[in-house]
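Worksheet for the structure shown next.
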Amino acid sequence: MANFETMTINMGPQHPSTHGVLRLVLELDGEIVRKATPHVGYLHRGIEKLSEHRTYHQILPLTDRLDYLAPMHNNLGYVLAVEKLLGITNEIPERAQVVRVLLAELTRLKSHLVWLACHALDIGAMTVFIYCFREREHIMNIYEKISGARMTSNYFRVGGLSADLPAGLEKEIRDFVNSMPEHIKTYEGLLTGNKIWQKRIMGVGHISAEDAIDLGVTGPCLRASGVDWDLRRDQPYSGYENYDFEVVVDDGCDTWARYHCRLKEMREACKLIHQALDKLKPGPILADVPKVVLPPKQETTNTIEGLIHHFKIISEGFKPDAGEVYVGVENPKGEVGYYLVSDGSPRPYRMKIRPACFINLQALPKMVEGSMIADVVAVIGTLDIVLGEIDR
Amino acid sequence: MSVQAADKLKDKFGDTVLETIEFRGETTVVVKKEEIVAVCAFLKEELGFNFLTDLCSVDYMGQAPRFMVVYQLYNIGTHARLRVKAPVEESDARIDTVCGVWGAANWMEREAWDLMGISFNNHPDPRRILMPDDWEGHPLRKDYPVQGPDREPYQGRTE
Amino acid sequence: MGVEETLGNNIITTSLDKVVNWSRSRSLWPLTFGLACCAIEMMATGAARFDLDRFGVLFRASPRQADLIVIAGTVTKKMLPVIETVYEQMPEPRYVIAMGACACSGGIFDTYSTVQGIDESLPVDVYIPGCPPRPEGLLYGLMKLQEKIMKEQNSFGASLGVGERING
C-alpha cells in the first residue's frame with residue numbers, strides 16, 4: 001500500500017509572484033504539486049451590486065477598475081452593451097469607431113507588455129521587466145494626452161467618445177508603433193533563444209483543446225491550444241470587419257505556445273493601429289441621439305433644448321427600453337462580456353460581467369497537476385490573471 | 001441561427017419551453033428548471049452549443065418566481081449565441097448543476113450560490129467563492145443593502 | 001515633559017539621532033504589497049522612468065525584512081486579517097503609507113465588502129490621494145514620509161534600548 005503524505009502549503013495572498021491577491025493552497029509531494037486550489041475573493045469590491053445603484057454613465061469609471069491593465073477594453077465592452085440595449089449601434093459615427101479600434105489595440109499592446117514584464121520577472125528575467133515598462137510609459141503618455149489619466153482612462157462614452165483626439169497625436173502614435181517591432185525583437189532576442197527560458201516554460205501548463213473549451217477558457221490561452229477563436233473576427237464590433245489582421249493560432253498547448261501567441265498578437269496589434277490611423281478622417285465623434293448623448297457645450301449654454309437635455313441626462317440619466325443584452329469583446333485576456341438587464345429605469349436592474357480571468361483561472365488546477373512549484377509560478381504568469389477582474 | 005435552435009428546442013421539449021423572446025437580435029429561451037440538464041445536454045450535443053460563456057442569476061424581487069438563472073451559450077462552429085433562462089422560486093431555491101455538461105459551470109455556480117443564494121444540486125464543490133467563508137447573507141439579493149448590514153450610507157461630512 | 005526616558009537631549013545625542021533618522025529615511029525597504037490598480041502605478045514608479053532605487057528603496061518580499069508597507073489598492077474585509085498579520089510580522093520601526101483613494105477612505109467602492117480606509121485598523125503615516133495617484137504623487141508621499149522620519153527624536157537611544165522613539 002502506498003504510504004506517502006502530502007504537505008499542504010499556502011501560497012499568497014501576499015506573495016511576490018501571484019500577480020495580486022490570489023491565494024493558492026498547494027498539496028505537495030516533495031516538490032511535485034498533487035493538487036492546487038485557488039482561493040479568490042480578496043479583492044471583491046461589489047462592483048456588480050454598486051452598479052445597480054448608479055446611472056449608466058456613472059458606471060463607466062467602475063468598469064475601468066475591473067481589468068486595470070486594459071481599461072479601455074472594459075470601457076469599450078460596456079459602452080457597446082449599453083449602445084446595443086438602446087438600439088443605437090448603427091448610429092455611432094465613423095471617426096468614433098476608428099478611434100475605438102485604435103485605442104483598443106493600443107490597450108492590447110499595453111496589457112501584453114505588462115504580461116511579458118511580470119511573466120519574465122517571475123521566472124527571473126528582470127531586464128525584460130524594465131524594458132517593457134519603459135515602452136509602456138510611451139503608451140501611458142498617449143493615454144494621458146487623450147483622456148487625462150495614465151491608467152483609468154474612462155474615455156469612451158455611450159454614443160461615441162468623450163473628446164476628440166488632440167492635434168499632433170497621430171504622429172506620436174505612429175512614431176511609437178513604428179518603433180515597437182524593434183522592441184519586440186529585443187524581447188525575443190533576450191528570451192526566445194535563452195536556454196533557461198526554454199527549459200522553464202516548454203511543456204509547462206499543458207491543456208488540451210477539449211479541456212480548454214469545456215472549462216470556458218478564452219483568449220490567447222485558448223488560441224495556443226489550437227482553437228481558432230477570435231471575437232473580433234467572428235462577432236465583429238466597432239468596425240473590425242473592415243480591418244485586415246491575422247488570428248494567431250498555435251497548437252503547442254503549453255506555456256511556450258502561449259508566449260509565442262501573445263508576442264505575435266503584439267505585432268498584429270501594431271498592424272491594426274497602422275490601419276486605424278490610415279482610416280482616420282475628420283468627422284463627428286458622438287452619435288446624434290439627444291436623449292442619450294450630452295450636447296456640446298455651446299448648445300448647452302445657448303439653447304433651451306440643450307440645457308434641458310444636459311440637465312436630464314446628468315441628474316436623472318437616460319432610460320433604455322426594458323430588456324436584456326449580452327455583448328462580449330476580445331479583451332487581451334479573453335472574452336469579457338457584459339450582461340445588462342434593464343427595467344426601463346435610469347439604473348441597470350442587473351449588470352453581470354463575464355470575467356475572462358476568473359474563468360481562465362478555473363483551468364489552473366488542471367494545468368498544474370503533476371508539475372513542480374516553480375512551474376506553478378510560470379503557469380500563473382502565462383494565464384495572465386488580473387485580480388480586479390476575477391473578484392470584481 | 002439561434003432562432004432555428006430555439007425552434008428545434010421547442011419541437012423536442014414542448015411544454016418545458018415556457019417562452020421565447022427576441023430583443024435587439026438576440027434570442028432568449030425560458031425553460032422549466034426541472035429539465036435544465038436535459039435541455040443543456042441537447043443544446044450541446046445536437047445543436048453544437050459547446051461553449052458556456054456565462055452563467056449568472058438575477059433577482060426579480062417582488063415577482064414570482066423570484067430568481068432567474070441565466071445561461072449564455074455560444075456555438076464555436078457557427079458563431080451563434082443563445083440565452084437560456086430557468087426561473088427558480090424563492091421557497092425552493094435549488095436547481096440542478098450543469099457541471100456535467102460544461103466544466104466551466106463549476107465556479108460560476110459557486111458564485112451564484114455565494115452572491116444570490118441559489119443552491120445547485122450535486123455540485124462537486126458547493127462553497128463560497130468571493131465572500132469570506134463565514135459571511136452571512138447573500139449580497140447580490142435586492143433586499144441586501146449595498147453598504148452592508150452594519151453600516152449607514154455615507155452622508156457626507158457631518159461636522 | 002513626562003516620564004519618557006531618553007538618552008539625553010544634548011548636541012551629541014541629537015546629532016546621533018539625526019544620523020540614525022537620515023539613514024532610516026534614505027533606505028526605506030517596502031514590502032511588495034500591491035492589492036489592485038495602485039499596485040501597477042507602484043510598479044511603474046519602481047521601473048525605469050520614475051526610478052525608486054535612487055531613493056534607496058528596495059522592494060522586499062518578506063515582511064521580516066521590510067520597514068515600510070505601502071497599502072496600494074482596495075482593502076476588502078476578507079483581506080484585512082491578512083494585512084494585519086503581515087503588519088504584525090514587520091519589525092519596528094515600521095511605517096505605513098496609504099496609497100490611493102481606496103486605501104485612504106474606501107474610494108469609490110462604498111460597498112458591503114470594502115473596508116472604508118485602512119486607518120480603521122493600521123496607524124497610517126502618510127496618505128496619498130489619487131485614483132491611481134501618479135508616480136510623482138507616490139514619490140512626493142515618500143518624501144513626506146522621509147521628512148516625518150527626520151523629525152523623530154531619541155532614535156539613537158531607542159535603537160540602543162534606552163527609551164522609545166518619539167514621533168515629531
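Naming convention: chains lettered A, B, ... in sequence-line order (proteins, then strands); numbering from 1 in each chain. For the numbers below, each heavy atom of this structure counts, side chains included, while hydrogens, waters and symmetry mates do not.
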Q: Assess whether side-chain contact (heavy atoms from CB on, under 4.5 Å) is satisfied between B:Tyr74 and A:Asp234, documenting all intermediate values.
A: CA-CA 11 Å; B:Tyr74 183 67; A:Asp234 301 335; 3.7 Å; yes
Taking side chain as everything from C-beta outward and backbone as N, CA, C, O, which of these in [X] sits under 4.5 Å from a heavy atom of chain B? Side chain, backbone, both or neither.
X        : value
A:Glu52  : side chain
A:Ala322 : backbone
A:Ile359 : side chain
A:Glu335 : side chain
A:Val341 : side chain

Q) By a 4.5 Å heavy-atom criterion (distance strictly below it), what part of B:Ile76 contacts chain A: side chain, backbone, both, or neither? A)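 The answer is the side chain of B:Ile76.
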Q) Using non-hydrogen atoms only, which part of B:Arg141 is less than 4.5 Å away from chain A: side chain, backbone, both, or neither? A)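 It is the backbone, since no side chain atom gets that close.
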Q. Taking all atoms of both residues into account, what is the closest heavy-atom pair of B:Arg83 and A:Val325, and its distance?
A.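 Scanning both residues completely, I find the closest heavy atoms to be NH2-C, 3.6 Å.
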Q. Is there a side-chain contact (heavy atoms from CB on, under 4.5 Å) between B:Asp133 and A:His39 once you walk through the steps?
A. CA-CA 11 Å; B:Asp133 287 327; A:His39 290 255; 5.5 Å; no
Can you tell me how far [atom2] of [Y] sits from [atom1] of [X], rounded to the nearest 0.5 angstrom?
X        : Y       : atom1 : atom2 : answer
B:Arg127 : A:Thr37 : CZ    : OG1   : 6.5 Å
B:Cys56  : A:Glu48 : SG    : CD    : 8.0 Å
A:Asp214 : B:Cys99 : CG    : SG    : 9.5 Å

Q.
Quick one, B:Thr53 and A:Tyr339 - any side-chain contact, counting heavy atoms below 4.5 Å?
A.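 No; the side chains remain at least 4.5 Å from each other.
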(Q) Is any side-chain heavy atom of B:Trp102 closer than 4.5 Å to one of A:Ile213? (A)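 When only atoms from C-beta onward are counted, B:Trp102 and A:Ile213 do not touch, as no gap falls below 4.5 Å.
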Q: Flag the one option from A:Leu86, A:Leu50, A:Leu43 with the top tally of heavy-atom pairs under 4.5 Å to chain B.
A: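 Option with the top pair count is A:Leu86.
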(Q) Counting heavy-atom pairs under 4.5 Å with chain A, which one of B:Ile21, B:Leu52, B:Val101, B:Asp59 comes out on top? (A)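 With the most close heavy-atom pairs to chain A, the winner is B:Asp59.
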Q: Count the heavy-atom pairs under 4.5 Å between each of B:Lys85, B:Met108, B:Arg128 and chain A, then report the option with the highest count.
A: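 Looking at each option in turn, the highest pair count goes to B:Lys85.
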Q | Exceeds 12 heavy-atom contacts within 6.0 angstrom, atom NZ of A:Lys319 | A |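 Counting other residues, nucleotides and ligands, NZ of A:Lys319 stays at 12 neighbours or fewer.
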Q: Could you tell me whether B:Asp143 atom CG has more than 12 heavy atoms of other residues or ligands within 6.0 Å of it?
A: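 It does: B:Asp143 CG has more than 12 such atoms within range.
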Ignoring hydrogens and angles, tell me if any N or O in the side chain of [X] forms a donor-acceptor pair with the backbone of [Y] under 3.5 Å.
X        : Y        : value
A:Lys49  : B:Gln147 : no
A:Gln362 : B:Trp107 : yes
B:Gln72  : A:Tyr326 : no
A:Lys352 : B:Ser57  : no

Q. Within 45° of the ring axis of B:Phe23 and under 6.0 Å from its six-membered ring centre, is that where the NZ or CZ of A:Lys84 lies?
A.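 The answer is no; the distance or angle limit is not met.
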Q.
If the threshold is 4.0 Å, N to carboxylate O, is there a salt bridge linking B:Glu111 and A:Arg354?
A.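 Salt bridge flag = no for A:Arg354 with B:Glu111.
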Q.
Is there a side-chain contact (heavy atoms from CB on, under 4.5 Å) between A:Tyr349 and B:Lys142? Walk through the geometry before answering.
A. CA-CA 10 Å; A:Tyr349 189 76; B:Lys142 289 286 179 184; 3.6 Å; yes
**Q.** Qualifying residue, where the test is side-chain contact (heavy atoms from CB on, under 4.5 Å) with B:Arg24 and the options are A:Leu85, A:Asp321, A:Thr89
**A.**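 When A:Leu85, A:Asp321, A:Thr89 are each tested with B:Arg24, the side-chain contact (heavy atoms from CB on, under 4.5 Å) holds only for A:Asp321.
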Q: Under the side-chain contact (heavy atoms from CB on, under 4.5 Å) rule, what do A:Glu324 and B:Glu26 come out as? Steps first, then yes or no, please.
A: CA-CA 9 Å; A:Glu324 51 199 38; B:Glu26 296 183 4; 6.0 Å; no
